[in-house]
Amino acid sequence: MTTNVLGYAAKSAKEDLVPFRFERRDARPDDVVIEILYCGVCHSDLHTARNDWGWTTYPIVPGHEVIGRVVGVGAGVTRFKPGDAVGVGCMVDSCQQCETCESGEEQYCDGAVYTYGGQDRHDHSKTQGGYSEKIVVSDKFVLRIPDGLDLKGAAPLLCAGITTWSPLRHWKAGPGSRVAVVGLGGLGHMGLKLAKALGAEVTLFTRSKGKEEDARRLGADHIVISADPAQMAAVSGRFNLIIDTVPYIHDLNPYMPALAKDGTLVLVGYLGALDPFLNTTPMVLRRKSVAGSLIGGIKETQELLDFCGQHGITSDVEVIPMQDINAAYERMLKSDVKYRFVIDMATLKAR
Ligand SMILES: NC(=O)c1ccc[n+]([C@@H]2O[C@H](COP(=O)([O-])OP(=O)(O)OC[C@H]3O[C@@H](n4cnc5c(N)ncnc54)[C@H](OP(=O)(O)O)[C@@H]3O)[C@@H](O)[C@H]2O)c1
Ligand SMILES: [Zn+2]
Ligand SMILES: [Zn+2]
């Protein structure tokens, strides 16, 4: 059985998102039914709506920074009850059997099911995301939101937060380490906040003059304008970890000299071939690495949420009505986001 719900969908790469009705399954025994209160707007939503990666199937309802209240649970669910504040991030299922799943890194499972544009493992229906009034998700992929966290500001933790938290933890950022973030947008601003809270010395690389004051407030100890060769030269050999959040093709070569020996530049933004080619000389001479990283596992996401609950960390958000989503995408393309749009889902039925 299914229930008809309202959302916002892209129907092709060239069209604006528009209201769209679709079916959600009724609760299976392990499901949690969530009324969505807020949904963050990730640059991946835009990439998907516009088919930048070439794998979008339409119509697509984006949204994977979902915050809501439980309104129902399947018969086998014991961890959640109606009224609980919960979150759903970029995944709604995985195989639950492979070594990767067993180690709590479901995001790297071959059977991981994304929140939108994925295929349900049981009924083979297409998954649709959080720009909608309701979502139904297996309890294993539902996160608990700590008491006291502002729900609007907590939404972006489910993607922007975990995507920067996971590499910070994997590469052991903390007191004594020097971390840099490239790009001050949704991911970047969470990267600054989390790296600072973990005790690292934090630097922002940005193209944009005028973000300095915000960057300092968000946790940056230093700001480097990436187009300024003198500023780039001044940080030569400095960073143990650089998290690069830039969404589009760009030259990595200027950042490699800024890594310390054994340092790693982790790409979380751009997917695709590099241009120009990467010069390996700085890597070979100082054992530097270039790596990638994808969101984070469910256990790790809960750890992040609990850490944010303890430290009072949320995202800096601009709350928008659902109807403004297309304008928000245009602003995102101009890097005019301070620092995450979050949709107030109560506005979905407003017009
Ligand atoms: N790996 C993962 O698991 C994962 C998870 C979530 C998102 N992502 C990806 O990460 C990327 C960043 O996402 P986001 O939501 O943080 O995006 P965003 O809010 O739009 O921020 C991107 C920032 O990158 C900088 N930038 C540099 N060149 C740019 C260009 N040509 N166009 C726009 N911005 C440019 C800008 O910062 P300055 O003005 O400071 O230069 C901008 O604010 C996206 O590609 C997204 O798909 C990956
Ligand atoms: Zn995302
Ligand atoms: Zn698996």
Side-chain angles (χ1 to χ4, degrees), residues 39-50 52-53 62-66 88-91 93-116 121 129-130 140 155-167 180-192 204-212 214-215 218 220 223-227 243-251 266-272 291-298 300-301 315-318 328-342:
C39 186
V41 178
C42 179
H43 209 112
S44 302
D45 300 349
L46 188 164
H47 285 309
T48 302
R50 301 192 175 177
D52 288 347
W53 295 321
H64 57 205
E65 293 181 342
V66 177
V88 177
C90 305
M91 288 179 292
D93 206 355
S94 72
C95 90
Q96 298 292 304
Q97 291 175 358
C98 70
E99 262 178 46
T100 309
C101 285
E102 270 167 21
S103 68
E105 293 188 316
E106 302 91 344
Q107 73 275 30
Y108 299 118
C109 167
D110 290 341
V113 180
Y114 292 124
T115 303
Y116 55 79
R121 293 195 306 127
K140 293 183 195 64
L157 302 177
L158 277 317
C159 177
I162 185 60
T163 301
T164 46
W165 176 257
S166 185
V181 170
V182 187
L184 187 54
L187 268 56
H189 95 291
M190 287 313 308
L192 296 184
L204 172 71
F205 287 106
T206 177
R207 303 168 307 168
S208 307
K209 287 187 181 151
K211 289 188 176 176
E212 287 93 337
D214 282 351
L218 293 164
I223 292 112
V224 176
I225 302 294
S226 49
I243 301 180
D244 182 337
T245 76
V246 174
Y248 297 98
I249 193 165
H250 58 291
D251 186 3
V266 185
L267 292 159
V268 293
Y270 173 65
L271 289 183
S293 183
L294 179 67
I295 47 173
I298 293 299
E300 195 175 32
T301 307
S315 172
D316 285 25
V317 302
E318 180 175 339
Y329 280 1
E330 291 311 313
R331 283 183 55 194
M332 197 177 235
L333 284 170
K334 295 184 197 130
S335 304
D336 176 22
V337 188
K338 295 207 167 43
Y339 279 89
R340 197 60 143 185
F341 292 118
V342 170

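Note that ligands are numbered from 1 as they come in the structure, with each ligand's atoms numbered from 1 the same way.
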Which is closest to [atom] in terms of heavy atoms, [options]?
atom	options	answer
atom 38 (P) of ligand 1	D52, L46, T206, D214	T206
atom 31 (N) of ligand 1	Q107, H47, R207	R207
atom 22 (C) of ligand 1	A227, P247, G210	P247

Heavy-atom side-chain contact between [X] and [Y] under 4.5 Å:
X	Y	answer
V342	P156	yes
R331	E318	yes
L187	V268	yes

Between C101 atom SG and C95 atom SG, the angle centred on the Zn ion (ligand 3) rounds (to 10°) to 120°

C98 SG to C109 SG via the Zn ion (ligand 3), rounded to 10°, gives 120°

Just to check, does C42 reach to within less than 4.0 Å of ligand 1 when the distance is taken from its heavy atoms? yes

*asked:* the Zn ion (ligand 2) and C90: any N/O/S contact shorter than 2.8 Å?
replied: no

Can you list the ligand 1 atoms lying under 4.0 Å from a non-hydrogen atom of [X]?
X	answer
Y248	30 (C), 31 (N), 32 (N)
W53	47 (O)
V268	1 (N), 2 (C), 4 (C), 8 (N), 9 (C), 10 (O), 48 (C)
S44	6 (C), 7 (C), 8 (N), 9 (C), 46 (C), 47 (O)
M332	20 (O)
C159	5 (C), 6 (C)
G186	16 (O), 18 (P), 19 (O), 21 (O)

So the angle subtended at the Zn ion (ligand 2) by H64 atom NE2 and C42 atom SG, rounded to 10 degrees, is 120°

If you have a sec, work out which protein heavy atom is nearest [atom] and how many Å separate them, to one decimal?
atom	result
atom 36 (C) of ligand 1	S335 OG, 3.4 Å
atom 10 (O) of ligand 1	G269 CA, 3.3 Å
atom 43 (O) of ligand 1	L184 O, 3.2 Å
atom 3 (O) of ligand 1	I295 N, 2.7 Å
atom 20 (O) of ligand 1	H43 ND1, 2.6 Å
atom 16 (O) of ligand 1	L187 N, 2.8 Å
atom 12 (C) of ligand 1	T245 O, 3.0 Å
atom 15 (O) of ligand 1	R340 NH1, 2.6 Å

Going by the 4.0 angstrom heavy-atom rule, the piece of S226 near ligand 1 is neither

Within the 4.0 Å heavy-atom cut-off, what K334 brings close to ligand 1 is neither

| request: Give a yes or no on whether a salt bridge exists between E65 and R340, defined as a side-chain N under 4.0 angstrom from a carboxylate O. | output: yes

Practice prompt. State whether the number of non-hydrogen atoms from other residues, nucleotides or ligands found under 6.0 Å of Y114 atom OH is greater than 12.
Written response: no

Inset, instruction - Please determine if S208 has a nitrogen or oxygen closer than 3.5 Å to a nitrogen or oxygen of ligand 1. - result: yes

Can you confirm whether or not the ring centre of H47 sits under 6.0 Å from the ring centre of Y270?
no

Just by modelled atom types, is the [Y] backbone N or O under 3.5 Å from a matching donor or acceptor in the [X] side chain?
X	Y	result
H250	Y248	yes
E300	I298	no
T245	V182	yes

Could you state the interatomic distance from [atom1] ([X]) to [atom2] ([Y]), rounded to the nearest 0.5 Å?
X	Y	atom1	atom2	answer
T301	I295	OG1	CD1	7.0 Å
D52	L271	CG	CG	10.0 Å
L184	L218	CG	CG	6.0 Å
M190	S315	CE	OG	6.0 Å
Y329	L46	OH	CG	6.0 Å

Closest non-hydrogen atoms of S208 and I225, given as atom of the first, atom of the second and distance, are O-CD1, 4.1 Å

